[in-house]
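These notes are about the structure you will find just below.
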Amino acid sequence: MLLIDGKKTSEDIKSEIAEQVAKIKNQGGKTPHLAAILVGNDGASQTYVNAKVKSCEQVGFESTLVRLDESVTEAELLQVVSDINENPEIDGLIVQLPLPKHISVEKITNKIKPEKDVDGFTPANVGRMTLGWPAYVAATPYGIVELLKRYKVETSGKHCVVIGRSHIVGSPMSILMARNEYPGNCTVTLTHSRTQNLAEITRSADILIVAIGKPEFVTAEMVKEGATVIDVGIHRIEDATRKSGFRLIGDVKFDEVSEKVAAITPVPGGVGPMTIASLLYNTLLSAEGKVYAK
């Protein structure tokens, strides 16, 4: 069984980005600059944003963190996004989700310029990705594609089953795996919580991508012998045997599934670390004008 190590792969990508940034600086070019907007005091969101800022430093990017109170109005947040849109010094903008209930995620996402949408969430980038045009691909799907590529997982002609249809992971993943390129050229089945005979479908998968958001949902009897399994889920559960009092698990019952498959991502240390590396990569693409010409 091959363990697909997202932690190591993400560090490799960061090193490659850092080399490119050093080259840009040596040639007198502009340092890539990522801005993040954090609304409120959600603990998980603060942890994610701090990790993104730290990663920016690691690769030589400039970063700006805009902290706003939870009471900020929708109009005020739209104005902050607009100001960053018009700032030529900033290449990429992310608005950390979730947002307070009184703010429309749709309105805020639509306000971000596609050229700076390094999260890949705007309709323009989703549409370009669907058409196979140059686009900023959402960080998690891009990270999964990169893992498959770097671990040389054969995808052409294979049956890929995706569990979960979110617009952030499941849906774009199904489109990417069907593309006429590598990784891709799969026959793709997109399943979800209403799918009938789900286990029967998953047992036919050569590549199983699980993003359903349910702890240890996929068990050994749902998986084909020799399949490749990508676990997108991450859940914190109580564990009195750990010093922290908890442990992290995925959407896949790792201990039993790993005995049966050819390759699998662990949780933690699989898909998770790849999301920040992908975000940095998109910011580099923006700075270099590789997707939208400068």
Side-chain angles (χ1 to χ4, degrees), residues 10 13-14 17-18 21 30-126 136-140 142-143 166-169 213 234-236 244 246 248 268 271-287 292:
S10 71
I13 292 170
K14 285 181 193 172
I17 292 170
V21 172
K30 179 190 159 304
T31 303
H33 189 159
L34 176 65
I37 299 174
L38 176 61
V39 180
N41 300 303
D42 179 77
S45 292
Q46 290 195 56
T47 301
Y48 290 141
V49 169
N50 289 341
K52 288 166 185 173
V53 169
K54 189 177 174 186
S55 294
C56 282
E57 291 170 10
Q58 195 180 339
V59 299
F61 283 7
E62 287 183 29
S63 65
T64 297
L65 175 54
V66 180
R67 292 179 177 270
L68 300 171
D69 194 80
E70 192 150 342
S71 63
V72 68
T73 67
E74 188 174 85
E76 287 168 338
L77 180 52
L78 285 167
Q79 187 56 55
V80 173
V81 171
S82 184
D83 291 344
I84 294 173
N85 277 341
E86 301 312 315
N87 184 342
E89 293 302 310
I90 294 174
D91 302 295
L93 167 62
I94 58 167
V95 179
Q96 185 64 44
L97 301 178
L99 291 171
K101 287 179 181 172
H102 65 278
I103 296 174
S104 163
V105 173
E106 188 179 311
K107 279 188 189 174
I108 301 303
T109 302
N110 266 326
K111 189 69 176 176
I112 299 170
K113 267 189 174 178
E115 297 92 325
K116 297 194 179 189
D117 166 38
V118 290
D119 258 336
F121 290 166
T122 59
N125 279 311
V126 173
Y136 303 128
V137 176
T140 301
Y142 178 80
S166 77
H167 68 277
I168 293 172
V169 183
I234 187 158
H235 312 274
R236 194 162 127 161
S244 62
F246 68 88
L248 298 174
V271 173
M274 294 296 292
T275 58
I276 290 179
S278 304
L279 186 69
L280 296 173
Y281 178 73
N282 279 346
T283 304
L284 179 63
L285 288 179
S286 176
Y292 296 90

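Only heavy atoms go into these numbers, but all of them, side chains included; no hydrogens, no water, no symmetry mates. Remember, predicted model here, so these are calculated numbers, not experimental data. Nothing fancy with the numbering, it's 1 onward along the sequence.
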Look up atom [atom1] in [X] and atom [atom2] in [Y], then write down how far apart they are to the nearest 0.5 Å.
X      : Y      : atom1 : atom2 : result
Leu280 : Ile17  : CG    : CD1   : 5.0 Å
Ile112 : Phe121 : CD1   : CZ    : 9.0 Å
Thr283 : Leu93  : OG1   : CG    : 10.0 Å
Asn85  : Gln79  : CG    : CD    : 10.0 Å

Residues pairing under salt bridge (Lys or Arg N to Asp or Glu O under 4.0 Å) where one sits in residues 90-111, two or more places apart or in two chains, turn out to be Lys30-Asp91, Glu74-Lys107, Asp91-Lys294

Salt bridge (Lys or Arg N to Asp or Glu O under 4.0 Å) pairs touching residues 39-54, sequence neighbours excluded, are none

For [X], give me all partners under side-chain contact (heavy atoms from CB on, under 4.5 Å), at least two apart in sequence or on another chain.
X      : answer
Arg236 : Phe246, Leu248
Leu68  : Ile37, Val39, Val66, Val72, Leu77, Val80
Val49  : Ala36, Leu38, Val53, Leu65, Gln96

task = Output yes when a side-chain donor or acceptor of Tyr136 lies under 3.5 Å from a complementary backbone atom of Glu115, and no otherwise.
result =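 Side chain of Tyr136 to backbone of Glu115, a donor-acceptor pair under 3.5 Å: yes, one is there.
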
Note to self: Please check this pair: side chain of Ser45 against backbone of Asn41, looking for a donor-acceptor N/O pair closer than 3.5 Å.
What the structure shows: no

Who passes side-chain hydrogen bond (donor to acceptor under 3.5 Å, both in side chains) against [X], sequence neighbours left out?
X     : result
Thr73 : Glu76
Asn87 : none
Thr47 : none
Asp69 : Ser71

Any side-chain heavy-atom pair from [X] and [Y] closer than 4.5 angstrom?
X      : Y      : result
Ile84  : Thr64  : no
Ile276 : Ser10  : no
Asn110 : Pro123 : yes

Ignoring hydrogens and angles, write down the donor-acceptor pairs under 3.5 Å from the side chains of residues 55-63, residues two or more places apart or on other chains.
| unit_1 | atom_1 | unit_2 | atom_2 | d |
| --- | --- | --- | --- | --- |
| Ser55 | OG | Lys14 | NZ | 3.4 |
| Ser55 | OG | Ala51 | O | 3.0 |
| Gln58 | NE2 | Glu11 | OE1 | 3.0 |

Contacts of Tyr142 that satisfy ring-ring contact (aromatic ring centres under 6.0 Å, His included) - sequence neighbours left out =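 Tyr142 satisfies ring-ring contact (aromatic ring centres under 6.0 Å, His included) with Tyr281 once adjacent residues are dropped.
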
Here the side chain to side chain donor-acceptor pair (under 3.5 Å) pairs for residues 116-125, sequence neighbours left out, are Asp117-Thr122, Asp117-Asn125, Thr122-Asn125, Asn125-Tyr292

